[in-house]
Every structure is written in structure tokens, then in C-alpha cells.
Participant: 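Got a structure for you, written out below as C-alpha cells; questions coming shortly.
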Amino acid sequence: MSTAFYSPAQCRLHEMGRGHPECPQRLDAIQDHLLATGLDGVLDYRDAPVVTPEQLARAHSSGYVSEVRDLMAQAELEADGGLHAVDPDTSIGAGTHAAALYAAGAAVAATDAVIDGLAANAFCAVRPPGHHATRTESMGFCFFNNVAVAARHALDVRGLQRVAIIDFDVHHGNGTEDIIAGDERVLMCSIFQHPLYPYSGDVPKGVNMVNVPVPPYTRGPEVRSVIDEMWMPALESFQPQMIFISAGFDAHREDDLGQLGLVEADYAWITRRLVDLAERHAGGRIVSCLEGGYNLSALARSVAAHLRVLAGVTA
Ligand SMILES: [Zn+2]
């Protein structure tokens, strides 16, 4: 079985203005690098449908879902291509509706494909990202929490009893924490720079959270040892039946949105740990979704390092 790869074309339609780091070129850089390295040839490219309101409402309030979808649908119809700011860094434009619905739809489709045994594991190269989107709020470039929607689908619809959410984006996944804190069917393990946007996570919101804030300029060796000390014992005893990854690559040394010092080899190492864990407890089931990563070259190289381990490519 292969690694399924989802990257709906609609995810490139969402734009938040000239010079914005969360731009469609992020997905182009990933795809170009996969082609240039030949990694595209080992991936199983798959299409995804849009997410449904019912699927979104497993992670968000139904009021929030209808309010955001109305705003997005309205922007889609506007001829002038104007942007509607929801926070100082996050805007809805004409292409946001389609992008957001397909991004979350891909995460759900990937979950089904992996549970159904059609793929060993899956990566969703999607945008907008999701891990800052709370139950009731868009923020930090995020509208719908793709990973939380997918995890709840696995639990509520597909009948899994325990899933893990891993978040290694440089920013704390406050939205995911807001949604799943107290849901003891989920263990969330994260590592993030602190202090840094959104300035949360130092005090976990639930007993099902393993939050590891690290100071600026922390590098790979320290990150690897805190993962082994803090995440792995909790994950081993939780025995997740499936692992979801909020795969942000902005903790890379070359990424200017944070000040951590990871490199491609660190992302490969983290992925190896998670693949081994999934093989021990979860029948290998992993669904990984792109979150941040804004230096285009470092992003593409890091995604490739992550995918090589997921796909079992040793060369
Ligand atoms: Zn980030």
C-alpha cells in the first residue's frame, strides 16, 4: 500500500493579498520539488470532495460554520476581488470558500482512505491551514480546523476510540487545543516556540494535552530529546488507533516566522518516531495535514523529508 497524496487545485485559489506569506506558491513549491526529486512517482495522487457542514460541525459550532460559510460565499460572488479581514493577518477573498472546503474535505477523505485500507497513510498538501481555528473563531491564517474535523470524523463516524493529534508547527495549535481539550478520546502532543503567536499553550487546557513550549533558538538535538521524554511515553501508554499530524514546517531554521532551528533531518526523525508508533499501535494509520511553513525552499525540502519516511523511501 502506498502513501496517498491530496492537494486539491482549489486550495491554490485562496489569496490574502500581495506579499502575504500564506500564499498559493507554497503548494507550487511543494509540487515542483516532488516532481524534481521523483517523489511524485511513489505517491498515490487522489482527489477529494468538499467537506460537508455536518463534518465541520463535529469540530466547530454550527453557528460559526454557517457564519463563515456565508461570509465566504458572499466574497466568492464579489466581482472586485476585495478582501474581508477576520483578523489583522487573516482575510477572506473570492477563492477562500472553495479552498477551505476542499482543504477540510481532503483531510476527511484521507481519513476514510486510510481507515478503509486504500492507503497505508496520507499527506494533505492543503491550505488554508487549520490549527489556529477554534470552535468559534477564525484566526492566524486559519478558518476550519482540518485536523480536528478529520480526527472527529475518525471517532464519531468511523468508530475509532482513541486517536492522537501531533502538532510540530512552530506556533501553538491553540485552535485544536480549544476544540479537543477535555475530549479524552484524543491525546494531543505538541511542541512550539514560546513566547510566539498566539502566546498560548504554556498552561495546557486539558489533561489530554502534552504541550511542550520551547524557547527561541532551540535546535534539533534538544527538540528530539524533549519529544522522547515528553511525547513518547504518553503516546505509548495511550495506544492511539490512528495518528493525525498538524505538519507545520515553520520551525525550520530558514523560516522567518519563528526562531527555532529544525532542519529536514529533524522532520525525518520526528516522522520516523511517529511511523514506528503507528506501526506498533495503529496499524500504521497516519493522516498528516500541512499547517505552516513559509520559506518556500525549506518548506518543499521539509515536506519531501516527511513524505520520504511516510512512503518508506529509503534512498
Ligand atoms: Zn505556524
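We use all heavy atoms of the structure for the numbers below, so side chains are in, but hydrogens, waters and symmetry mates are not. Numbering of ligands and ligand atoms starts at 1, following listing order.
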Participant: Given H132, which partner from the list N174, D169, T90 fulfils the side-chain hydrogen bond (donor to acceptor under 3.5 Å, both in side chains) test?
Facilitator: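 With H132 as partner, N174, D169, T90 yield a single side-chain hydrogen bond (donor to acceptor under 3.5 Å, both in side chains), made by N174.
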
Participant: Is the ring pair H306/F168 parallel, tilted or perpendicular, if the boundaries are 30 and 60 degrees?
Facilitator: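 Perpendicular.
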
Participant: For the residue pair Y294 and F141, categorise the inter-ring angle as parallel (less than 30°), tilted (30 to 60°) or perpendicular (more than 60°).
Facilitator: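 The arrangement is perpendicular - the two ring planes meet at more than 60°.
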
Participant: Within less than 2.8 Å of the Zn ion (ligand 1), any N, O or S from D169?
Facilitator: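 Within the cut-off used here (under 2.8 Å), D169 does place an N, O or S atom near the Zn ion (ligand 1).
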
Participant: Under 2.8 Å from the Zn ion (ligand 1), is there an N/O/S atom belonging to H131?
Facilitator: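 False for H131.
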
Participant: Using modelled atom types and a 3.5 Å cut-off, is there a donor and acceptor pairing between side-chain atoms of D178 and backbone atoms of R135?
Facilitator: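 Present.
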
Participant: For the Zn ion (ligand 1), what is the closest N, O or S atom on H171?
Facilitator: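 In H171, the N, O or S atom with the shortest distance to the Zn ion (ligand 1) is ND1.
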
Participant: Taking the Zn ion (ligand 1) as the reference point, name the nearest N/O/S atom of D250.
Facilitator: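 Among the N, O or S atoms of D250, the one closest to the Zn ion (ligand 1) is OD2.
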
